[in-house]
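Order of the sequence lines fixes the chain letters, A, B, ..., with proteins taken first and strands second; residue numbering starts at 1 for each chain.
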There are 2 protein chains.
Amino acid sequence: MLPTPDDVTIIRRTPLFSALDEAQAMALLRGARVRDYADESLLFSAGDRADHFYVVLRGSVRLFALSEEGDETIIEVIGAGNSFAEGAIFGAGRYPVHAEVFSGARLVSINAAPLLEALRSDSGMAMAVLASLCRWQLNLMAEIRRLKAQAPAQRLAWFLVSLAGDVSGEAVFRLPFRKTIVAGRIGITPESLSRALARLAELGVETKGDIVTVHDVEALRAFCRG
Amino acid sequence: MLPTPDDVTIIRRTPLFSALDEAQAMALLRGARVRDYADESLLFSAGDRADHFYVVLRGSVRLFALSEEGDETIIEVIGAGNSFAEGAIFGAGRYPVHAEVFSGARLVSINAAPLLEALRSDSGMAMAVLASLCRWQLNLMAEIRRLKAQAPAQRLAWFLVSLAGDVSGEAVFRLPFRKTIVAGRIGITPESLSRALARLAELGVETKGDIVTVHDVEALRAFCRG
DNA sequence: CTGCGCTATTGATGATGGTCAAGCCGCTGC
DNA sequence: GCAGCGGCTTGACCATCATCAATAGCGCAG
């Protein structure tokens, strides 16, 4: 399916595309295809030939690695308005991780060929892609920092704060995906997530199902630091 | 100081430069300066204007973040034959982390200007830099995976295995930096590192000062997995 | 040689995350 | 309604990591 005008609006707002002008964006979108995913579905596996990259229009996608025994490690969860796998196209030309869409997601897949083509002829395009990869790099480094320096409960707090956004005072929102996934995202087990959420109640965090109420976002932010 | 022919040889073997031809490499190296660091020394701080990137010719450099209280979190340690901070030049144009060279290191600093210039006019350059950033991305993702999926002792084992290289059977080598740094590198405290090393003795790992003897690299590799 | 400073180790202790196992809740389909 | 299922929670237990504190080794300067 071709992108609707609404889809294009979202695409143009992604970090990658927002650095491009109209003509550059349209060149990339030639051959782009949009798809809705009613159910969970494997998008690609690690080692697959990387001939597409993606923009999440709705819902989310999780990137993960699998151990030999089949245990999965979540590397990253990509939410709406972000592109991913653009990096895999260069370098090895293979996806380094597995990707699975959550049910209800909507993605656009973009061919690698026009991108590689544009890179050859258009230096502005190169800068845009480089900037996009740098964003990734920053995110990953920040993630490493959190994993090394913060206790699981603090990482959870950080996760909630980032969901709450810029609000100060009270925030109410819903978890963007199943708790099992949230736990994996933070790097703990589902059991620990339950307990961590219970402990955060003292700091004014209530959870009912996937609805979270943070009574004092500032207090949570402070807790993230120590 | 200008790069010696030996320096240039090392530079040309880095992932970034090996994708470039002679002329492209020389264009980048215009204005490059080599420096030996007798002592530890801060190279740049997070937030500094990113107007150079670096290649490690000898020794190593550690990239780290600082908390408000001054606690440091090691993000990565860069060894000889690798470039770093090339990503910081795009995107925000500021270094995202602090960098400190270890005593005895030798680095070459390369101006951002010729790189940005070359990117505009030379699409091959863009591909080389993109590939280099992708390598980074892979490393960082692998690191996240290890932090999430492996216990500290396993991470230590992995670290030793990666130092041992492709050998099978016995390997003897020296730790490339102080144990405190090794501990930070794998995300544990120095105390835990001591104990973890002691426990690895059962698997045939002996340490005397910074000399490590691994009697059966294969066994260690197996231990990394579980 | 001696003393200082830094790094590494060792010990004791407490907190907490993982694991295994059981129970609960909410949904779906019959 | 009820059974069954998946996801979530709870509990008990154990392993282990961080912390704090003390000690031991080592290099170096005087």
- Report the distance from atom CD of B/Gln154 to atom P of D/dC17, rounded to the nearest whole Å. 10 Å
- In whole Å, what is the span from the CD atom of A/Glu40 to the C1' atom of D/dG6? 12 Å
- Verify the distance criterion only: is there a donor paired with an acceptor across the side chains of A/Asp7 and A/Thr4 at less than 3.5 Å? yes
- Between C/dA8, D/dC17, C/dA21, which one does the side chain of B/Arg199 approach most closely? D/dC17
- Message: What is the separation between atom CG on A/Asp71 and atom P on C/dG18, rounded to the nearest whole Å?
- Response: 13 Å
- Task: Assign B/Leu193 to base, sugar-phosphate, or nothing according to its heavy-atom contacts below 4.0 angstrom with the strands shown.
- Result: nothing
- Task: Check every strand shown and say whether B/Pro152 touches a base, only sugar-phosphate, or nothing at a heavy-atom separation below 4.0 Å.
- Result: sugar-phosphate
- Could you pull out the closest heavy-atom pair between A/Ile144 and B/Ile75, with the gap in Å? CG2-O, 4.3 Å
- Give a yes or no on whether a donor-acceptor pair under 3.5 Å exists between the nucleobase atoms of C/dG11, that is its base, and the side chain of B/Arg195. yes
- Query: Any Lys/Arg nitrogen of B/Glu72 or A/Lys148 sitting under 4.0 Å from an Asp/Glu carboxylate oxygen of the other?
  - Reply: no
- Task: Please name the pair of heavy atoms, one in B/Leu156 and one in B/Ala196, separated by the smallest distance, quoted to 0.1 Å.
- Result: CD2-CB, 3.6 Å
- What's the closest nucleotide to the A/Ser194 side chain, out of C/dA8, D/dG7, D/dT10? D/dT10
- Task: Nearest whole angstrom, please: distance from the P of C/dT7 to the CG of B/Leu175.
- Result: 15 Å
- Between P of C/dA8 and CZ of B/Phe177, the distance in whole Å: 12 Å
- Query: Does the side chain of A/Thr189 get closer than 4.0 angstrom to OP1 or OP2 of C/dT19 through an N or O atom?
  - Reply: no
- Verdict with supporting geometry, A/Arg135 and A/Glu86, salt bridge (charged side-chain N to carboxylate O under 4.0 Å, His left out): CA-CA 12 Å; A/Arg135 276 181 62 94; A/Glu86 66 269 42; over 6 Å; no
- Item | B/Glu191 CD to D/dC20 P, straight-line distance once rounded to whole Å | 10 Å
- In whole angstrom, give the distance that lies between atom CZ of A/Arg178 and atom P of C/dC25. 21 Å
- Message: Rounded to whole Å, how long is the line connecting atom CG of B/Leu147 with atom P of D/dC17?
- Response: 14 Å
- Task: Please state whether the phosphate of C/dG17, meaning OP1 or OP2, lies under 4.0 angstrom from any side-chain nitrogen or oxygen of A/Ser192.
- Result: no
